[in-house]
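Data block below; observations after.
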Amino acid sequence: MYRTHHRKVTPMKIGIIGAGNIGGNLTRRLTALGHEVSVANSRGPQTLTALVEETGATAVTAAEAAKGAQVVVITVPLKAVPALPGGLLAGAAEGVVVIDTGNYYPRERDGRIAAIEDGLPESLWTQGQIGHPVIKAFNGTYAQDILSNGLPRGSADRQALPVAGNDAAAKQVVRDLIDELGFDTVDAGELDESWRQQPGTPVYGNRGDVAAIEKALAAASAERTAEWRA
């Protein structure tokens with residue numbers, strides 16, 4: 001099926017909200033690693049039969065996805081974030097870590113979000129919408145890479161992913177999970193700095209190693225270019 005890359009994984013209960021390219025491939029890899037995954041989309045559990053049969057994940061409603069979860073991945077279009085169920089994380093495990101994979105695509109998909117247009121980093125906007133701290137990861141990663149590009153720790157040219165967030169312990173949980181998936185990580189700072197990995201920046205879609213990702217993050221500009229504005 002999918003390669004597991006090194007040490008024995010301690011299984012976690014993980015909820016994934018969104019079953020598109022990133023959500024679907026994270027479901028595939030995380031179940032293969034032995035994690036207990038619940039997955040939800042906007043159309044209902046009955047539409048996830050094929051993914052469930054392939055992976056052994058459990059299909060649930062969005063309101064149920066975080067129940068008992070130690071990690072919750074929110075991987076829905078930004079315009080859909082305000083419509084997520086209220087109290088989404090109420091039944092989650094204590095200290096639940098929330099990963100935001102989202103990107104603002106005003107022209108192609110999301111329409112104008114005034115606060116982001118005015119300079120608020122995208123993940124800070126999402127954090128405000130859900131009322132819980134988030135860790136920004138996977139937003140600039142090609143979905144196919146999650147399946148095909150993972151390598152054992154210590155491999156030459158191992159692809160690295162930037163990870164931003166304010167909670168050091170939560171960030172470490174995410175970095176460890178990404179390591180299990182077969183990728184190095186780079187601490188991209190706090191969410192105030194997470195514009196460095198938004199669409200249009202040098203790190204977005206960058207398949208480089210740690211050194212390349214560090215260089216790309218440092219080269220980013222806070223000025224959102226015209227093509228990424230509404």
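Note that the structure is predicted; figures quoted are calculated from it, not measured.
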Minimum side-chain heavy-atom gap [X]-[Y] below 4.5 Å:
| X | Y | answer |
| --- | --- | --- |
| T27 | E54 | no |
| P82 | W125 | yes |
| S123 | V134 | yes |
| F138 | V73 | no |
| D110 | P77 | yes |

Nearest 0.5 angstrom please: [X] [atom1] to [Y] [atom2], how far?
| X | Y | atom1 | atom2 | result |
| --- | --- | --- | --- | --- |
| K67 | T61 | NZ | OG1 | 10.0 Å |
| L84 | Q129 | CG | CD | 9.0 Å |
| E180 | L33 | CD | CG | 6.0 Å |
| I130 | I74 | CD1 | CD1 | 4.0 Å |
| Q127 | N166 | CD | CG | 6.5 Å |
| T185 | Q172 | OG1 | CD | 7.0 Å |

Please check: side-chain N/O of [X] versus main-chain N/O of [Y], any donor-acceptor pairing under 3.5 Å?
| X | Y | answer |
| --- | --- | --- |
| R224 | E117 | no |
| R153 | G182 | no |
| N25 | L147 | no |
| Q198 | E122 | yes |
| K171 | G165 | yes |
| N139 | N103 | no |

Residues, nucleotides or ligands: over 12 heavy atoms within 6.0 Å of K13 NZ: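 Yes.
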Ignoring hydrogens, what is the shortest heavy-atom contact between [X] and [Y]? Give both atom names and the distance.
| X | Y | result |
| --- | --- | --- |
| V174 | A137 | CG1-CB, 4.1 Å |
| Q197 | A164 | OE1-CB, 3.5 Å |
| A160 | D209 | CB-C, 3.7 Å |
| G24 | L51 | O-CD1, 4.1 Å |
| L48 | A59 | CB-CB, 4.0 Å |
| R158 | D184 | NH1-OD1, 2.7 Å |

ILVMFWY cluster, [X] and [Y] together (side-chain gap under 4.5 Å):
| X | Y | value |
| --- | --- | --- |
| Y104 | L124 | yes |
| L30 | V163 | yes |
| V72 | I22 | no |
| I99 | I14 | yes |
| V98 | L161 | no |

Going by side chain to side chain contact (heavy atoms under 4.5 Å, CB included), I17 matches just one of V60, V81, N41, L88. Which one?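 Answer to the side chain to side chain contact (heavy atoms under 4.5 Å, CB included) test with I17 among V60, V81, N41, L88: L88.
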Show the numbers, then the answer: is there a side-chain contact (heavy atoms from CB on, under 4.5 Å) between T101 and T141? CA-CA 9 Å; T101 79; T141 308; over 6 Å; no
Suppose we screen for side chain to side chain contact (heavy atoms under 4.5 Å, CB included). Which residues come up paired with A216, at least two apart in sequence or across chains?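 Partners of A216 by the side chain to side chain contact (heavy atoms under 4.5 Å, CB included) criterion, ordered by chain and then number, come out as P202, V203, N206.
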Full working for side-chain contact (heavy atoms from CB on, under 4.5 Å) between L26 and V39: CA-CA 10 Å; L26 284 174; V39 60; over 6 Å; no
Report the C-alpha distance between Y142 and N21 in whole Å, list the side-chain angles of each, state the deciding distance to 0.1 Å, and finish with yes or no for side-chain contact (heavy atoms from CB on, under 4.5 Å). CA-CA 9 Å; Y142 292 104; N21 294 335; over 6 Å; no
Any salt bridge linking E193 with R196? Criterion: basic side-chain nitrogen under 4.0 Å from a carboxylate oxygen.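 A salt bridge is present here (some side-chain N lies under 4.0 Å from a carboxylate O).
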Hey, can you tell me if Y105 and W228 have their rings parallel, tilted or perpendicular (30° and 60° cut-offs)?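 Y105 vs W228 ring planes: tilted.
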Check the pair Q70, V173 against side-chain contact (heavy atoms from CB on, under 4.5 Å), reporting the backbone distance first and the verdict last. CA-CA 10 Å; Q70 296 156 278; V173 169; over 6 Å; no
